[in-house]
Amino acid sequence: MEIGRDFYLSKLINRKHNGLIKVITGIRRCGKSYLLNTIFYNHLLENGVDEGHIIRFAFDSADDLYLIGESLIKIGKGKRRVDPEKFMAYIRSKMTDKGMYYLLLDEVQMLDCFETVLNGYMRNDNMDVYVTGSNAKFLSKDIITEFAGRGDEIHMYPLSFSEFMSVYNGDKYEGLSEYMLYGGIPMVVLRDGINEKAVLLENLFSEIYIRDIYKRNKVRNQGELEDLLNILSSSIGSLTNPEKLKNTFRTVKKSQITSNTVKKYLDYFEDSFLIESAQRYDIKGKAYIETPKKYYFSDLGLRNARINFRQFEQTHSMENVIYNELRMRGYSVDVGVVPIVEKDKAGKAVRKQLEVDFVCNMGSTRYYIQSAYSIPDEDKRTQEIRPFRKIGDSFKKIIITKDIVPMHYDDYGILTLNIYDFLLDPASIKR
């Protein structure tokens, strides 16, 4: 069964022939290789590109390496990378005329000097280059700098809820429950049986994601790193910082870990796209607050597998789903802070900070969004909209709830919509 990734396909199509190296990044197993080598490849064929002008090469394929006189086994034993001269000779042999050629490369980090080779190809007017890779080095958020400003990143996430529902055999209510529990890694979504999904997620976490982080960063104390991951998994969407996490370690684990080490581990998780951080933003002061931050998992299934599916709070999980959806749609997302001054019972002025879950920006567009799992009464609604009413600007303000309510505006111009409408209709927040 094929899961359509039209959102990302359109990004590749829009970037054709732009003179840059198209670099598909994202957490491992989110579907990067399939997008490039199957979906985009078929698009090229369907739009009249001759098969001989599409050069696909996977550097982890024994068959492909055989074509250039290399051996996957020998490369592994020798702990070396693919000889670039052999690869370039193969590419030259495939380019037999002056027509446009499309170079689709998978696991390109296994090619020695791949940055230099690809930058060299940018001098060819008849070559359009697309690459993906899945080891920790290639997944670094700094990869675009490796191409000396000639890279064009397409960042890919696991399946959105809309993509998930395209292959889910059930209604959207059951679908969201499963999506929030087992996530959107394509191979997990397509696996039958909840036990099988859980086992696959646990294996992926230990055999791929954690191992990659160890390998790239040469982590000495693996126990500390995994303990930190467990703490983050148990507190998604909570404000924290390295100092606070260090104190948790010292209290719970009797560990002497330093805040610098904690920060280093957090950077490792972010560099591998396992988690993302949302920084606090003073809405009235128009300034960022360095610490604390909130951390969200790129895939909730991986997060839940990490804690053995024992801790499933729908409030925080829904917030994580909304964050990921906003990021996938291309918004930068911060945590809003609204400073206020109120008088206490004694009449003394007291400074407080109200929180807006998400401040979403894209160009000149901004949305303020609150994630409210349920709004059972007017008191709860008053609590949710209080930060909005203290902001004082004209940008759109939205409450997203899991309650089955129709989309509507209140007397203050605040839009309320249910999470199903939000996730399944990208235009819902613009109406």
Side-chain angles (χ1 to χ4, degrees), residues 20-37 41 54-95 101-124 127-151 153 156 203-220 222 225 264 267-269 271-274:
L20 301 175
I21 302 165
K22 274 64 73 174
V23 185
I24 305 173
T25 63
I27 189 173
R28 293 194 68 172
R29 295 297 188 268
C30 71
K32 301 183 300 296
S33 298
Y34 193 81
L35 169 68
L36 183 61
N37 293 304
Y41 173 76
I54 308 173
I55 307 172
R56 292 187 294 178
F57 197 95
F59 289 94
D60 63 343
S61 166
D63 291 338
D64 285 359
L65 291 175
Y66 178 80
L67 297 174
I68 64 172
E70 284 278 25
S71 165
L72 187 62
I73 294 174
K74 289 181 179 179
I75 288 172
K77 286 184 176 180
K79 295 182 179 180
R80 63 178 180 86
R81 295 196 282 180
V82 175
D83 185 338
E85 295 293 346
K86 292 180 179 179
F87 172 72
M88 289 188 292
Y90 172 76
I91 296 300
R92 285 193 295 271
S93 73
K94 302 291 286 185
M95 298 182 67
Y101 284 83
Y102 297 86
L103 190 57
L104 315 183
L105 305 179
D106 203 20
E107 305 291 351
V108 73
Q109 76 286 335
M110 293 181 67
L111 173 66
D112 199 19
C113 304
F114 71 87
E115 304 93 338
T116 303
V117 172
L118 296 179
N119 275 321
Y121 283 147
M122 286 295 90
R123 298 179 180 275
N124 296 1
M127 183 174 284
D128 202 17
V129 182
Y130 303 77
V131 302
T132 182
S134 61
N135 81 349
K137 179 181 187 300
F138 198 88
L139 287 180
S140 167
K141 291 187 296 185
D142 300 321
I143 187 59
I144 301 302
T145 63
E146 299 285 356
F147 296 120
R150 307 283 313 263
E153 182 181 18
M156 194 172 190
N203 289 341
L204 285 172
F205 217 125
S206 60
E207 297 300 322
I208 294 179
Y209 302 108
I210 294 297
R211 181 174 294 181
D212 273 357
I213 292 171
Y214 290 159
K215 183 178 179 181
R216 178 193 176 201
N217 301 290
K218 298 180 174 60
V219 177
R220 293 181 180 178
Q222 297 181 5
L225 184 139
K264 183 170 62 176
D267 289 343
Y268 294 166
F269 296 145
D271 285 345
S272 67
F273 302 115
L274 190 59

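Hydrogens, waters and symmetry mates play no part in the numbers below; they use all other heavy atoms, side chains included.
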- request: Look up atom CG in Asn217 and atom CZ in Arg220, then write down how far apart they are to the nearest 0.5 Å.
  value: 13.0 Å

Review item, side-chain donor-acceptor pairs of residues 61-68, under 3.5 Å, at least two apart:
unit_1: Ser61; atom_1: OG; unit_2: Asp63; atom_2: N; d: 3.4
unit_1: Ser61; atom_1: OG; unit_2: Asp64; atom_2: N; d: 3.2
unit_1: Asp64; atom_1: OD2; unit_2: Ala58; atom_2: N; d: 2.8

field: Spatial distance of atom CZ (Phe273) from atom CZ (Arg28) [nearest 0.5 Å]
entry: 13.5 Å

field: Minimum side-chain heavy-atom gap Leu105-Tyr130 below 4.5 Å
entry: no

- prompt: Going through the checks in order, is the salt bridge (Lys or Arg N to Asp or Glu O under 4.0 Å) test met by Lys22 and Asp128?
  reply: CA-CA 9 Å; Lys22 274 64 73 174; Asp128 202 17; 2.5 Å; yes

query: If you round to the nearest 0.5 Å, how far is CE of Met88 from CG of Asp83?
result: 8.0 Å

- request: Could you walk me through whether Phe59 and Asp106 pass the side-chain contact (heavy atoms from CB on, under 4.5 Å) test, one step at a time?
  value: CA-CA 6 Å; Phe59 289 94; Asp106 203 20; over 6 Å; no

task: For the pair Ile27 and Tyr209, evaluate side-chain contact (heavy atoms from CB on, under 4.5 Å) and give the outcome as yes or no after the intermediate values.
output: CA-CA 9 Å; Ile27 189 173; Tyr209 302 108; 3.4 Å; yes

query: Hey, does Val108 have a side-chain heavy atom less than 4.5 Å from the side chain of Thr132?
result: no

- prompt: If we only count heavy atoms from C-beta on, is the Val219 to Tyr268 side-chain gap below 4.5 Å?
  reply: yes

- line: What one should report as the nearest heavy-atom pair of Gly69 and Lys86 is O-NZ, 3.3 Å

query: Should Arg216 and Asp271 count as an ion pair when the cut-off is N to O under 4.0 Å?
result: yes

- prompt: Centre of Tyr41's six-membered ring, under 6.0 Å away, within 45 degrees of the axis: is that where NZ or CZ of Arg56 sits?
  reply: yes

Nearest heavy atoms of Leu111 and Val82, plus distance in Å: CD1-O, 3.7 Å

field: Derivation of the side-chain contact (heavy atoms from CB on, under 4.5 Å) call for Ile55 and Leu104
entry: CA-CA 6 Å; Ile55 307 172; Leu104 315 183; over 6 Å; no

query: For the ring pair Tyr90 and Phe57, is the centre-to-centre distance below 6.0 Å?
result: yes

- line: Separation between CG (Leu118) and CG (Leu20), nearest 0.5 Å, reads 12.5 Å

message: Could you check whether atom NZ of Lys94 has more than 12 heavy atoms from other residues, nucleotides or ligands sitting under 6.0 Å from it?
response: no

query: How long is the gap from CZ on Phe205 to CZ on Arg211, to the nearest 0.5 Å?
result: 14.0 Å

message: With a 4.5 Å cut-off on side-chain heavy atoms, are Phe114 and Arg81 touching?
response: yes

query: Is the shortest heavy-atom distance from the side chain of Leu36 to the side chain of Ile24 under 4.5 Å?
result: yes

- prompt: Given Met156 and Leu35, is the side-chain contact (heavy atoms from CB on, under 4.5 Å) satisfied, shown in steps?
  reply: CA-CA 10 Å; Met156 194 172 190; Leu35 169 68; 3.8 Å; yes

- prompt: Would you call Glu70 and Lys74 a salt bridge, taking side-chain N to carboxylate O under 4.0 Å as the test?
  reply: no

- request: Might you point out which heavy atoms bring Val117 and Pro84 nearest each other, and give the distance in Å?
  value: CG2-CB, 3.8 Å

message: What verdict does the salt bridge (Lys or Arg N to Asp or Glu O under 4.0 Å) test give for Arg80 and Asp112, after you've listed the backbone C-alpha separation in whole Å, the side-chain angles of each residue and the deciding distance to 0.1 Å?
response: CA-CA 8 Å; Arg80 63 178 180 86; Asp112 199 19; over 6 Å; no

task: Answer with yes or no whether the side chains of Asn119 and Tyr121 bring together a donor and an acceptor at under 3.5 Å.
output: no

statement: Closest heavy-atom pair, Thr25 versus Lys32, reported as atoms and distance to 0.1 Å, is C-CD, 3.5 Å

- request: Can you measure from CZ (Phe87) to CZ (Arg92) and round to the nearest 0.5 angstrom?
  value: 10.5 Å

- prompt: Can you check whether Met127's main-chain N or O pairs, donor with acceptor, with Tyr102's side chain at less than 3.5 Å?
  reply: no

